[in-house]
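Report on the structure given below.
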Amino acid sequence: MRALLWIAALAAAGGGVAASAGSRRETFSEDLLVKPLPDGKVLLHFEFSVQRALSTGIEGQHSYRLFPRQIGEIALRYGVRELQLAFTQGGWRDKWGYAPVASQGAGAEILARIEGPPEEAARQWKGLANALSGVFCASLNFVGQENTSSPRLTFAETTNADSNGSTSGSTGGSTGSNTGGSVLKHGYLPRENVCTENLTPWIKQLPCQSKSGIAALLNPHRLFNMHFHSMGASLAAATDATSGTPVLHYKQHVSVVLDPSTFGLGSNWTLGELMDRDLAAACPVASQSTVRVVASRPDLQTNSRPDSTGQVAGHTTHTFDLQKRRLDDIGLSFGSAAGPPPASTLPAISAHRYVTGHGGISGGIEAIIVNRRAEPVRIVYLDVLPWYLRVYSHTLKVESTAAGGRTAALAPSRLLFTPAVDRGRPSSLEVEMYLPPNSHTTLRFDCEKGFLKYTEHPPDANRGFNIGPAIVSYELPVADPAASQPLFCAAANGQAPGKACAVRIYTELFLASLPTPDFSMPYNVVSLTCTVLALFFGRVFNLLTRDFAILKQADI
Amino acid sequence: MTLVLSGQGEKTSPLLRAGRKYSARLCYPLAAAGIVWLLLLPLSNFWNRAYFSENAMMPGQVDLAFGAQSHLDAMASVDAALAQPGAEPADWPDAMARVFSKIGLDTEVQRIVCDEVPGIGSAAGANVHGIVRAPRSDSVEALLVAAAWRTADNATNVNAVRLMAGLAQYASEQVHWAKDIIFVVTDAGEPGIEAWLRAYHGLPTQAPLSVRGGIIQAALSLELPPARAYARMGLFLEGKGGQLPNLDFVNIVQHIARIERLPAYIHGMEDPPRRASLWQRYLVSARLLLRQMRSQAFGSSMGVHAPLLRYRIDALTVAGIPRAGDPVAAVAQQGLLRDDPADMPLPGPATVRAIGRTVESTLRSLNNLLEHFHQSFFFYILPANQRYLSIGDYIPAVGLMVASLLFQAMHLWWMQGPDSLRSDNPRTRIERINTYYALLRRTLPSSIGIILRAHALGLVLLAVPILIPPAVLTNTTSTAYLFTMALASVSMVLHIADVYWAEAAHAAIDWRQLKALVEMYVAVVIASLSVMNVSLAVGMFVVTGLPLILTRMCSTDSRLRRAIGLALLLAASPECTMTLGRNVVLGLHPLDFASSPFRMFLGDFHHFSSLVYPLVCLVYWPVNLLCMVIVLVP
């Protein structure tokens, strides 16, 4: 009896310890950034971060409180050290400035660093894609060896995030894909549509879901009636700056560019009117819950006094803390739409990619990269093309037109080309080069269109295939916090100056229209063959094999 | 069923023997049958009713929104921009660029240099285009609305540009687009659009574009001459190489235009009234068919849509046709309007609304397309509005024409050799044929040599505009060019005839063999051309195949007969037909020597790689020369 009581007491104490330990081990913060854009649209960037201390002991490994269990278990099961997942729809226009998210190409993108032996990595990757497909109700299971590549120069490893969780890439962009026994896998699905079906399970992963906090504003009717929409999640291992313990950082973001005139709002609206939802109280389990309004236009006014004012990426930011007080609504008003954006807010590098040629046999790719800075910039251009666009890498030509108008050939400093294997893997081209200051650089190469088997054509065969974007990555020095820079580069908590921020630009998609066969031919062949067989088989068989033998009367 | 072709003529099937007996006379009925087949096409018994193949388009089933005040304001802003003090037509592209930017489109001005033929008539021009980006879409596809500053009849087209600004404003306000919409205005007509297309598709050009979109799925071109109101609209379909847009596209535009009560007719020709007699209906339909065949064969200027078809973009031109007694149109046609937009007000609001809603509804239907047009016919001919004739209905005519050439070639090949070879006794015939074969082996190379020589001359003519520096060509008018051609051809024929007449005793060349070879070659050319451009194939047959069949159909013993034959062939030669047939090709007066088909073909070949000029140089003219040789050889 006493032994039973002791055991019960110990269990309760252990549970209490575990619970309190769990509450110390996970923190959740949420943030909404509202930034009016120069042409009258508004950018809303929701960010929800959960940080969880990794425990070495077994008792805390499978106990989750704020951190979504699905993600934790998936990461453990497939040996994922870093994961970036993004669903994007629409295109980010340069006149809006830097994109708020790292991954802004239309479609679905998965990027993962998988630990373990490389021969297991393919299997783990497939399992990871299928698991994420189930979690987010998306068709990520189409990610296979045909659209997976392992770029070596483009994706810098995100390491050593500080306690707030802003990921700043290290300058080790040239580290190989197999760092420390992990393999980088990158899969892209250019034709993936984003809709409410993906948003709902995404919201379910939030601790307060959409009942309270900033997530209450997530209204799919408004979120998908937009000019740009990017929804995603990223998982990274980091080291907590204050305590030095290894932590797992899971960040969910939704970035959307809305046009208030679509909903009949003028130049004077509140967040509740824009999203057609009421702003509720802060999430009770959040350690930080803020709404920040970036005064990107000088005539911006808010209807209530902000709790604090700061600087983000060169603009004054008004911060409203939802935990200090309950806000009814946050309203903004400004004058009429301003003129074209000032040149200083345009991104340092812009990239566009187009397909050239118009036949069904051959074509080419042309990429135009613009460098607006007054100094040379090192970029890495990554293009992953499926196997049916056969790339002729010897036709690669790079030309650069500098500010003076002279055009000269530009030699890449590194060129990594992985040829495609038919129905096996895509071809992958990575070009590292230094762009001259204030220049337009044109990169072009030829390709030939392959002929698919007739069963490999999709149902809308005459449309063609969407081809994923090219990715131009570069490092933006963020020495000056007042300079224009991407939101994810700007540290809210005093990042060490002098570090560079890894920025990626995604070009447009294009349609590769492949020659289609005559799909009625199988029917024609079948009917012709059956007719011939039916009519002539008997006669020919008889002619060939029938033999007449004369029988004598006596044998009958 | 054994069909054995033996040179000795033994053991042949009854079919073959009958063919041989009658093949001498078989080719004439076949050619006549082919021509009669074509002449029967305007009869309504053979027509099929038009229908929609692509169900996704759902034409005319959307709620239309064009006509709001913001769209009319955008149209008025074009006038304000063009009427800037001191602005002349050369500044208009930049003014349009400002209008497009204000609406919110991605805009660019492309400065091009367009020459009529290589080096001749160099002119500078500018294309301006603005792209409405689809808000929620990934910008992989686009639709195109194009206009030129002047219509194909050289009337001013400012109405179309105003309408484009209104449409651009409308398009930028909607959220349901799945494709980008590109608005292009060019001031160099068809060569201007061709330059824009070359830059858009990334082909090597000296004026590259940096603001581009995705693949263009379909395009509309607008031509709205000055008028107070339009009675109807005309649809022009043919491209520069004889390509046609998908029949679905034509049908939906006609259907939508009928709903908006401003009907669109093919080439602007109305259907005959219900009470018209059979003969009148036949004439109307025949005229429509001839007009289509003319623009398909020669690629005469019919609208800015024509260069687009070569890039596999289904395109057509919608042109407004003013009412008969329209005062504004009458003044404009006499050339009395200044180049000032203030002189050319928009047509009445009902007309503008009807056209705007037609284009809007068409764009909405095209927006529904998931793939390129692929369901309906690409090869067709339209005898009346809402009726069509598909390729299976008219290609047997071309087949019969080609068969007539082949039958005569077969007959001549069997019958080659002097009449002394024929005898009723098979054995003597065999001996004589065997000796003659030895002879033939010597004459075959000379026949082929003559054919190659004639074609080499054609190749020289083809290469002259490319090789000779433009400075030398500038002062040469096309008429002088043609007379040079005539002189050269006559002299060559006489030279050849001279050479071989001297060897007449040895019979070094057999006219039957030469004619058979040329007929086979022409049959192959016409047959393969018919699947690309059937009107051009029929045209080639009329000017090349018919003279070939009829050459030397009766004996040419006397010099008079030979002279008559030569004269007829000269009348059928390219110099004569192109000089005297101007009104057929271009619609001009026969004696108006200022512009010529020759120059038009050369310009088309230079800009659009149209096949007419190479065919004239490499097939029509050499075959005409060879016919003359055949007549002259003993």
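Chain letters run A, B, ... following the sequence lines, proteins first and then strands; every chain starts at 1.
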> Should the heavy atoms of other residues, nucleotides or ligands under 6.0 Å from CZ of Phe378(B) be counted, would the total exceed 12?
Replying inline: yes
>> For Phe224(A), is the CZ atom crowded, meaning more than 12 foreign heavy atoms sit under 6.0 Å from it?
In response: yes
> Where does His374(B) contact chain A at under 4.5 Å (heavy atoms): side chain, backbone, both or neither?
Replying inline: side chain
> So with a 6.0 Å cut-off around CG of Leu543(A), is the heavy-atom count from everything else above 12?
Replying inline: yes
>> If we define contacts as heavy-atom pairs under 4.5 Å, which of Arg198(B), Arg136(B), Glu173(B), Lys102(B) has the most with chain A?
In response: Arg136(B)
>> Using 0.5 Å steps for rounding, measure from the CZ atom of Arg463(A) to the CD atom of Gln217(B).
In response: 7.5 Å
>> Under a 4.5 Å cutoff for heavy-atom pairs, which residue among Gly363(A), Ala106(A), Gly357(A), Gly91(A) has the most contacts with chain B?
In response: Gly357(A)
> Who pairs with Ala195(B) by side chain to side chain contact (heavy atoms under 4.5 Å, CB included), at least two apart in sequence or on another chain?
Replying inline: Ile112(B)
>> Can you tell me which portion of Glu141(B) sits under 4.5 Å from chain A's heavy atoms? Options are side chain, backbone, both or neither.
In response: side chain
> Is the number of heavy atoms from other residues, nucleotides or ligands under 6.0 Å of Tyr523(A) OH greater than 12?
Replying inline: no
>> Please classify the contact of Asp259(A) with chain B as side chain, backbone, both or neither, using a heavy-atom distance under 4.5 Å.
In response: neither
> Which distance, rounded to the nearest 0.5 Å, do you find between the NE2 of His358(A) and the CG of Leu203(B)?
Replying inline: 6.5 Å
> If you check every heavy atom in residues 504-516 of chain A against those of chain B, which residues fall under 4.5 Å?
Replying inline: Leu509(A), Phe510(A), Leu511(A), Ser513(A)
>> Using heavy-atom distances under 4.5 Å, tell me whether Leu370(B) contacts chain A through its side chain, its backbone, both, or neither.
In response: both
> Just how far is it from atom CZ of Arg93(A) to atom CG of Asp106(B), taken to the nearest 0.5 Å?
Replying inline: 6.5 Å
> If you count heavy-atom pairs under 4.5 Å with chain A, which of Arg310(B), Arg212(B), His201(B) comes out on top?
Replying inline: Arg212(B)
>> Check this for me: His221(A), atom NE2, are more than 12 non-hydrogen atoms of other residues, nucleotides or ligands nearer than 6.0 Å?
In response: no
> Just wondering, are more than 12 heavy atoms of other shown residues or ligands nearer than 6.0 Å to NE2 in His372(B)?
Replying inline: yes
